[in-house]
*Asks:* 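One structure is given below, represented as structure tokens, and several questions about it will come after.
None of these values were measured; they are calculated from a predicted model.
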Amino acid sequence: MAIKIFFGNYKGGVGKTTSVFQVGINMAQKHNKNVLLLDLDPQASLSKICMKWENISLDSVPIESTLNYLLEIYTLQFRRLGKLDILSSANIFNNETFTNLANMTKNAVKTKKFSNGSLSFIPTRMDIANARINDIADQVSRYSMGIVGVAKLIEDIEKTPDIKPDYILIDCPPSLNAIIQAVFLKSNYYIIPTIADDISISGVMDYIKVIEKTVQKYTYDSAVGGILLEKMFSKPPKLIGIFENMAKAKSDTSSNDVLMGLNMELYHNNIEELENSKPFTRKIAERNYILSEKVYHRDNRSNPNDYGIPYKTSRAEYHDEYDKITTQIIKICEQ
């Protein structure tokens, strides 16, 4: 099955969307991976980037081929099911209804193929009245099995035969809703990109705590509970690490104290350190969370021989600044 990683931070503007795209395309082009991107930000920025490969605009994508549509229809289908329905039948999903849902999902996936890898996505539209991602999240929250519908959608995406993704990378907005909570529960890992300043790192600890509280919330919610979580979701997601994004010049070491302070805050709050990440973190304390590789701020828009990250990303093109951090992520996940 695919390795599922969500990228998140409560601070906007730290490069989450750019990082999801650039890590994804790097995995596909340089490491021959099949990668699928999911855009859960109501602004649909990741979808706008990926649509550069298509011959139509994002708002012209047929509604049946959008993530908005799939999330809503899976939510409506699971509104009819109860906890007992899902737990008492091993074959509950082996029927025409769920076969049709899986086919809809398969048909919505768009893929850019490279020599040995591929980058796929399902477009998210932001122009559909009362059906943006946050609107659909409100629907998911009204039904106890709504989050299970999101989990089943992700499972069906994983099983898409034409792409067989090695990785699913998920762009989460700087907010919390029922869809994001379902992603927390369904993912294997998460990564927190941040700028190394006091404002950008101020919400990192809270973000990690919210993830932990989400697992506890649904474990002890009698409408869901630990058995259903075990059946339909993953084990609680593990923190791969925090990586410094938009770093200043290599000669500028002003960020070191900021990140050291963040690392110590996580250490004193007993945040779990991922064993596989240990060889790839900055050595600050007994437990360490800051990945050793960083992404430098490269914003040239005029020199064709050295275009920056924003320019390349806006054209849905790979940038080599993400080579090292992508290699680290793959080694951590696959060793």
*Asks:* Is any side-chain heavy atom of Asp171 closer than 4.5 Å to a side-chain heavy atom of Lys16?
*Replies:* yes
*Asks:* Hydrophobic clusters here meaning ILVMFWY residues chained together by side-chain heavy-atom distances under 4.5 Å, can you tell me if Met232 and Phe98 are in one?
*Replies:* yes
*Asks:* Looking at Ser118, is its backbone amide N or carbonyl O close enough to the side chain of Lys113 to form a donor-acceptor pair, meaning the two atoms are under 3.5 Å apart?
*Replies:* no
*Asks:* For atom CD1 of Ile199, is the number of surrounding heavy atoms from other residues, nucleotides or ligands below 6.0 Å larger than 12?
*Replies:* no
*Asks:* Are any side-chain N or O atoms of Asp135 and backbone N or O atoms of Arg132, one a donor and one an acceptor, separated by less than 3.5 Å?
*Replies:* yes
*Asks:* Between CG of Asp41 and OG of Ser175, what distance do you get to the nearest 0.5 Å?
*Replies:* 7.0 Å
*Asks:* Can you confirm whether Lys213 is buried at NZ, in the sense that more than 12 heavy atoms of other residues, nucleotides or ligands lie under 6.0 Å from that atom?
*Replies:* no
*Asks:* Between Ile5 and Asn188, does the side chain to side chain contact (heavy atoms under 4.5 Å, CB included) criterion hold? Intermediate values first, please.
*Replies:* CA-CA 6 Å; Ile5 307 172; Asn188 307 109; over 6 Å; no
*Asks:* Could you check if a side-chain atom of Ile284 sits within less than 4.5 angstrom of a side-chain atom of Met264, using non-hydrogen atoms only?
*Replies:* yes
*Asks:* Look only at the side chain of Asp85 and the backbone of Gly82, and say whether a donor-acceptor pair between them is shorter than 3.5 Å.
*Replies:* yes
*Asks:* Return yes if a side-chain donor-acceptor contact under 3.5 Å exists between Glu334 and Tyr167, otherwise no.
*Replies:* yes
*Asks:* Do Tyr267 and Glu273 come within less than 4.5 Å of each other through their side chains, counting heavy atoms only?
*Replies:* no
*Asks:* Does Lys235 pair with Glu230 as a salt bridge, N-O distance under 4.0 Å?
*Replies:* yes
*Asks:* Which heavy-atom pair separates Gly13 from Ile195 by the least distance, and what is that distance?
*Replies:* O-CD1, 3.6 Å
*Asks:* Using a cut-off of 6.0 Å, state whether more than 12 heavy atoms not belonging to Ile92 lie near its atom CD1.
*Replies:* yes
*Asks:* Ile25 versus Phe114: any side-chain heavy-atom pair under 4.5 Å?
*Replies:* yes
*Asks:* Could you tell me if Lys283 and Thr281 have a donor-acceptor pair between their side chains, going purely by distance under 3.5 Å?
*Replies:* yes
*Asks:* Is the shortest distance from a Lys or Arg side-chain nitrogen in Lys186 or Glu155 to a carboxylate oxygen in the other one below 4.0 Å?
*Replies:* yes
*Asks:* To the nearest 0.5 Å, how far apart are OG1 in Thr66 and CD in Glu72?
*Replies:* 9.5 Å
*Asks:* Can you confirm whether Glu275 is buried at CD, in the sense that more than 12 heavy atoms of other residues, nucleotides or ligands lie under 6.0 Å from that atom?
*Replies:* no
*Asks:* Could you tell me whether Asp306 and Arg298 have a side-chain N and a carboxylate O separated by less than 4.0 Å?
*Replies:* yes
*Asks:* May I ask you to decide if the ring planes of Trp53 and Phe21 are parallel, tilted or perpendicular, using 30° and 60° as cut-offs?
*Replies:* tilted
*Asks:* Are more than 12 heavy atoms, taken from residues, nucleotides or ligands other than Arg301, located less than 6.0 Å from that residue's CZ atom?
*Replies:* yes
*Asks:* Is the backbone of Ser141 close enough, under 3.5 Å, to the side chain of Asp138 for a donor and an acceptor to pair up by distance?
*Replies:* no
*Asks:* If you draw the axis of the six-membered ring of Phe280, does the NZ or CZ of Lys331 fall within 45° of it and under 6.0 Å from the ring centre?
*Replies:* no
*Asks:* Verify the cluster assignment for Ile179 and Ile168: are they in a single hydrophobic cluster under the rule of side-chain heavy atoms below 4.5 Å apart?
*Replies:* yes
*Asks:* Does any donor atom in the side chain of Glu244 or Ser255 lie under 3.5 Å from an acceptor atom in the other side chain?
*Replies:* yes
*Asks:* Please give me the minimum heavy-atom distance between Tyr74 and Ala102, naming the atom from each residue.
*Replies:* OH-N, 3.7 Å
*Asks:* Nearest heavy-atom pair of Pro193 and Asn9: which atoms, and what distance?
*Replies:* O-ND2, 2.9 Å
*Asks:* Which atoms form the tightest heavy-atom contact between Ser65 and Ile122, and what is the distance?
*Replies:* O-CG2, 4.2 Å
*Asks:* Checking Asn263 side chain against Tyr289 main chain: does a donor-acceptor pair fall under 3.5 Å?
*Replies:* yes
*Asks:* First locate atom CG of Leu38, then atom OG1 of Thr124, and finally report the distance between them rounded to the nearest 0.5 Å.
*Replies:* 7.5 Å
*Asks:* Looking at every non-hydrogen atom in both residues, tell me the closest pair between Phe243 and Ile325 and how far apart they are.
*Replies:* CB-CD1, 3.7 Å
*Asks:* May I ask you to decide whether Glu317 forms a salt bridge with Lys52, counting only side-chain N to carboxylate O separations under 4.0 Å?
*Replies:* no
*Asks:* Quick check on the hydrophobic clustering: are Phe7 and Tyr322 connected, directly or via other members, by side-chain heavy-atom contacts under 4.5 Å?
*Replies:* yes
*Asks:* Would you check if there is a donor-acceptor pair between the side chains of Tyr218 and Gln181 at a distance under 3.5 Å?
*Replies:* yes
*Asks:* Among the clusters formed by ILVMFWY side chains lying less than 4.5 Å apart, do Leu36 and Val20 turn up in the same one?
*Replies:* no
*Asks:* Counting only N and O atoms by type, is there a donor-acceptor contact under 3.5 Å from the side chain of Glu321 to the main-chain atoms of Tyr296?
*Replies:* yes
*Asks:* Working to the nearest 0.5 Å, report the span between CE of Met126 and NZ of Lys48.
*Replies:* 4.5 Å
*Asks:* For Lys110, look at atom NZ and say whether over 12 heavy atoms of other residues, nucleotides or ligands are found less than 6.0 Å away.
*Replies:* yes
*Asks:* With side chains defined as the heavy atoms from C-beta onward, is the minimum distance between Val204 and Ile208 less than 4.5 Å?
*Replies:* yes
*Asks:* For Ala285, is there any backbone N or O sitting under 3.5 Å from a side-chain donor or acceptor partner on Asn288?
*Replies:* yes
*Asks:* Please tell me whether Leu274 and Leu259 are part of a single hydrophobic cluster in this structure, the criterion being side-chain heavy atoms less than 4.5 Å apart.
*Replies:* no
*Asks:* Between His319 (side chain only) and Pro310 (backbone N and O only), is there a donor and an acceptor less than 3.5 Å apart?
*Replies:* no
*Asks:* Any side-chain heavy atom of Arg125 sitting closer than 4.5 Å to one from Leu58?
*Replies:* yes
*Asks:* Should the ring pair Tyr190 and Phe6 be called parallel, tilted or perpendicular, given that the plane angle runs from 0 to 90° and is split at 30 and 60?
*Replies:* parallel
*Asks:* Of the non-hydrogen atoms in Ile133 and Leu40, which two are nearest, and what is the gap between them?
*Replies:* CG2-O, 3.5 Å
*Asks:* When you measure from the side chain of Thr214 to the backbone N and O of Val210, does any donor-acceptor pair fall under 3.5 Å?
*Replies:* yes
*Asks:* Is the side chain of His31 donor-acceptor paired with the backbone N or O of Lys33 at a distance under 3.5 Å, no angle test?
*Replies:* no
*Asks:* With no hydrogens and no angle check, do the side chains of Thr105 and Asp156 hold a donor and an acceptor under 3.5 Å apart?
*Replies:* no
*Asks:* Tell me, do Tyr10 and Ile192 make a side-chain contact under 4.5 Å, heavy atoms counted?
*Replies:* no
*Asks:* Distance from Arg287 atom CZ to Ile271 atom CD1, nearest 0.5 Å?
*Replies:* 8.5 Å
*Asks:* If you define the side chain from C-beta out and look only at heavy atoms, does anything of Val215 sit under 4.5 Å from Leu185?
*Replies:* yes
*Asks:* Given Phe233 and Ile147, is the side chain to side chain contact (heavy atoms under 4.5 Å, CB included) satisfied, shown in steps?
*Replies:* CA-CA 10 Å; Phe233 294 90; Ile147 63 164; 3.9 Å; yes
*Asks:* Report the C-alpha distance between Arg282 and Asn256 in whole Å, list the side-chain angles of each, state the deciding distance to 0.1 Å, and finish with yes or no for side chain to side chain contact (heavy atoms under 4.5 Å, CB included).
*Replies:* CA-CA 10 Å; Arg282 305 184 195 183; Asn256 291 346; 4.0 Å; yes
*Asks:* Check the surroundings of atom CD in Glu54: do more than 12 heavy atoms from other residues, nucleotides or ligands lie under 6.0 Å from it?
*Replies:* yes
*Asks:* Distance check, rounded to the nearest 0.5 Å: Asp39 atom CG versus Thr17 atom OG1?
*Replies:* 6.5 Å
*Asks:* Can you list the steps and then say if Ile227 with Lys83 is a side chain to side chain contact (heavy atoms under 4.5 Å, CB included)?
*Replies:* CA-CA 10 Å; Ile227 293 177; Lys83 180 177 178 179; 5.9 Å; no
*Asks:* What I want to check is whether the side chains of Asn245 and Ser19 have a donor and an acceptor closer together than 3.5 Å.
*Replies:* yes
